[in-house]
Number of protein chains: 2
Amino acid sequence: MEIKRTPKPSIIRLCSILNFLEDQENLGKENIFSQEIGEYLDLPAFSIRKDISYIGEIGNTIAGYNISKLKAHIEDKLKLSGTQNTCLVGLGSLGTAILNYEKLNSSNFKLVAVFDTNLNKLEMIKLKIRAYPAYQIEEIVKKHSITAAIITVPSKSTQEVANKLIKGGVRGIINFTPTLIRSGRNDVVVRNIDLLNELRILQALIALKSIDSAGE
Amino acid sequence: MEIKRTPKPSIIRLCSILNFLEDQENLGKENIFSQEIGEYLDLPAFSIRKDISYIGEIGNTIAGYNISKLKAHIEDKLKLSGTQNTCLVGLGSLGTAILNYEKLNSSNFKLVAVFDTNLNKLEMIKLKIRAYPAYQIEEIVKKHSITAAIITVPSKSTQEVANKLIKGGVRGIINFTPTLIRSGRNDVVVRNIDLLNELRILQALIALKSIDSAGE
DNA sequence: CTTCCTCTGTGAATATTTTCACTAATAGTA
DNA sequence: TACTATTAGTGAAAATATTCACAGAGGAAG
Ligand SMILES: NC(=O)c1ccc[n+]([C@@H]2O[C@H](COP(=O)([O-])OP(=O)(O)OC[C@H]3O[C@@H](n4cnc5c(N)ncnc54)[C@H](O)[C@@H]3O)[C@@H](O)[C@H]2O)c1
Ligand SMILES: NC(=O)c1ccc[n+]([C@@H]2O[C@H](COP(=O)([O-])OP(=O)(O)OC[C@H]3O[C@@H](n4cnc5c(N)ncnc54)[C@H](O)[C@@H]3O)[C@@H](O)[C@H]2O)c1
């Protein structure tokens, strides 16, 4: 059944499943059961099967899933195939760390530009990725058809940078800044990742778990 | 009503609300309406009120919410007050960037230790935070009652590091590594943050939005 | 003192997501 | 062939979360 819509949580889990499948394929595995995927993601097997079922029938009743087939299927249905031109804004300590992230290079996300206001820093880059001053964001984003961006600038510049990116045509932003971005449009997706907020969520969830288990 | 349990998504949103309240308080604001909070978080006002209502009545019908009162109330109910001893494992480029994160210093999360296997790197630290070799993780975590940890080691060492941390008594882990952690226990909370996975989720959600709006 | 206005808090309705129990497929085996 | 064992796929039930519409609170204005 093609018409059924996939719940957002399922989409997010499918991305994690994809990641796991890549690892398993690199380890030389060819087939995998929902059970095994579930163990990795700490979810029951039926939940994995349900997630996969949203994007169509693909498994085999006796050998489980063929890894490369399932991988291709998820990529296809979630529109994860094809190269996505990506950029990074803010070449401070966090931005530099992200440039070192080797796993990104082997993915379909291609870092084609980095931006910073500070020209001295720009001169220090030894990487092959072209660096530009921040005032060129809109122009370069357009020129290279950049669709996704990673923001690692000081908090107060976040919204300004986001505005420029969106104006240039970026449709997805990962924001490592503590300032939330408002895009004002519903065709732009933003994921905010803030360490302090994550720590708080962690702490609150731990407290919740304690209550849960007290009730058992 | 005290007995009602707070949904997990509400808890997570309350953490973001708290963050916003801090900013507003620093800006000198004293009172705030659910409407304003909602605009910031891009949610309807009734949703903000509902979230707050889970932790009890606190608002005023004419002036909205008193910011410092609401802040204290959220902190109290979500058990976010009190100092949490925290550590960082893996002092590479990402770990170093995180040590620079100034906002953490003004929070209740106190970084009391950093760990690395590489002793040369340990010698290079100029910070006040004590650094230890990785084999001391369990011992130091116990000694300082560390409850939360941030992992930024190479992917293959992730699970091993997590095991040591949990053995020492850590109950919350933020994992910046692409390898998911399995704690094997339900009193340990893990938040996995992987850039590549986030980019994929972004891309998949953008595709989903396109479908959505096509249907409108 | 009454009316009006605005804002919170919330029960109930709706929507979404997860869980469960079962069907069907397939291969190995006696 | 018939039986067993194993695993995917899936409707339906249950659980969870979001949305909505309105009651009630209380200050301001006349
Ligand atoms: N999410 C996390 O876990 C986490 C961790 C650490 C830091 N941070 C946040 O990430 C951001 C960057 O942190 P950092 O330690 O790398 O800071 P940093 O000061 O080292 O780097 C910021 C960089 O942005 C550049 N910049 C400033 N304004 C700019 C603009 N308008 N356009 C383009 N570039 C601009 C600066 O020149 C600098 O190179 C901060 O907002 C910080 O709070 C987040
Ligand atoms: N989530 C993200 O956005 C993101 C971005 C970049 C990198 N990463 C990931 O973060 C991790 C660290 O990245 P990096 O660029 O800082 O790498 P890095 O190599 O610069 O640093 C890793 C550090 O961990 C130390 N280390 C190795 N084994 C250890 C162990 N068993 N115990 C303690 N310390 C140990 C090393 O000595 C080194 O200092 C990697 O797994 C990388 O994939 C994540």
Side-chain angles (χ1 to χ4, degrees), chain A residues 1-17 21 29-39 41-67 69-71 73-74 77 201 204-205 208-209 211-212 215-216, chain B residues 1-17 21 29-39 41-67 69-70 73-74 77 186 201 205 208-209 211-212 215:
Chain A
M1 199 170 288
E2 278 297 312
I3 318 114
K4 212 185 314 174
R5 87 167 239 307
T6 310
K8 193 167 152 173
S10 290
I11 289 180
I12 291 171
R13 281 189 300 264
L14 283 165
C15 289
S16 298
I17 291 174
L21 294 176
K29 220 160 185 259
E30 286 192 2
N31 292 289
I32 201 159
F33 298 128
S34 58
Q35 175 77 32
E36 294 172 83
I37 302 175
E39 266 157 29
L41 290 179
D42 200 20
L43 288 168
F46 60 72
S47 168
I48 301 297
R49 293 200 300 275
K50 189 66 155 184
D51 286 343
I52 294 172
S53 82
Y54 286 117
I55 57 170
E57 262 178 67
I58 194 78
N60 180 298
T61 196
I62 206 69
Y65 300 96
N66 174 279
I67 291 180
K69 206 172 135 196
L70 179 55
K71 218 164 64 78
H73 193 63
I74 295 175
K77 293 296 178 171
I201 292 170
L205 293 180
L208 184 75
K209 291 231 166 185
I211 297 162
D212 279 358
E216 280 169 34
Chain B
M1 199 171 287
E2 278 298 311
I3 318 115
K4 213 184 312 173
R5 89 168 237 307
T6 308
K8 193 168 151 174
S10 290
I11 289 179
I12 291 170
R13 283 190 299 264
L14 283 165
C15 290
S16 298
I17 292 174
L21 293 176
K29 221 162 184 259
E30 286 193 3
N31 292 289
I32 201 160
F33 297 126
S34 58
Q35 174 79 30
E36 294 172 83
I37 303 174
E39 266 157 30
L41 291 179
D42 201 20
L43 288 168
F46 60 73
S47 168
I48 302 297
R49 291 201 301 274
K50 188 65 152 186
D51 286 343
I52 293 172
S53 82
Y54 286 117
I55 58 170
E57 262 178 67
I58 194 78
N60 179 299
T61 197
I62 206 70
Y65 301 96
N66 175 280
I67 291 181
K69 208 171 134 195
L70 179 55
H73 193 64
I74 295 176
K77 293 297 177 168
N186 70 354
I201 292 171
L205 293 180
L208 185 74
K209 291 231 166 186
I211 298 162
D212 279 358

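Residue numbering restarts at 1 for every chain, and letters A, B, ... go by the order of the sequence lines. In this text, all values refer to a predicted model and were calculated from it rather than measured experimentally.
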field: A:Thr6/A:Asp51 under side-chain contact (heavy atoms from CB on, under 4.5 Å): CA gap, chis, key distance, verdict
entry: CA-CA 8 Å; A:Thr6 310; A:Asp51 286 343; over 6 Å; no
Select one nucleotide: of [options], the one nearest the side-chain heavy atoms of [X].
X: A:Lys8; options: D:dT18, C:dT18, C:dT17; answer: C:dT17
X: A:Phe46; options: C:dT17, C:dA21, C:dG9; answer: C:dA21
X: B:Ser10; options: C:dC20, D:dT18, D:dA17; answer: D:dT18
X: A:Ile58; options: C:dT18, D:dC20, D:dG9; answer: D:dG9
X: A:Arg5; options: D:dT16, C:dT10, C:dT17; answer: C:dT17

What is the distance, to the nearest angstrom, from the [atom1] atom on [X] to the [atom2] atom on [N]?
X: A:Gln35; N: D:dA8; atom1: CD; atom2: P; value: 9 Å
X: A:Ile17; N: D:dA8; atom1: CD1; atom2: P; value: 12 Å
X: A:Leu70; N: D:dA8; atom1: CG; atom2: P; value: 11 Å
X: B:Ile37; N: C:dG9; atom1: CD1; atom2: P; value: 10 Å
X: B:Asp51; N: D:dT18; atom1: CG; atom2: C1'; value: 10 Å
X: B:Lys50; N: C:dG11; atom1: NZ; atom2: P; value: 7 Å

message: Rounding to 10°, can you tell me the angle the first-five-pair axis of the helix from C:dC1-D:dG30 to C:dA30-D:dT1 makes with its last-five-pair axis?
response: 10°
- request: Take A:Phe46 and A:Lys50 through the side-chain contact (heavy atoms from CB on, under 4.5 Å) test and state the conclusion after the steps.
  value: CA-CA 6 Å; A:Phe46 60 72; A:Lys50 189 66 155 184; 6.0 Å; no
Provide a list of protein-nucleic acid N or O atom pairs under 3.5 angstrom, restricted to nucleotides 3-7 of chain D.
unit_1, atom_1, unit_2, atom_2, d
D:dT7, O4', A:Thr61, O, 3.0
D:dT7, O2, A:Thr61, OG1, 2.6

message: So which atom in A:Ser16 and which in A:Leu41 form the shortest heavy-atom distance, rounded to 0.1 Å?
response: CB-CD2, 3.7 Å
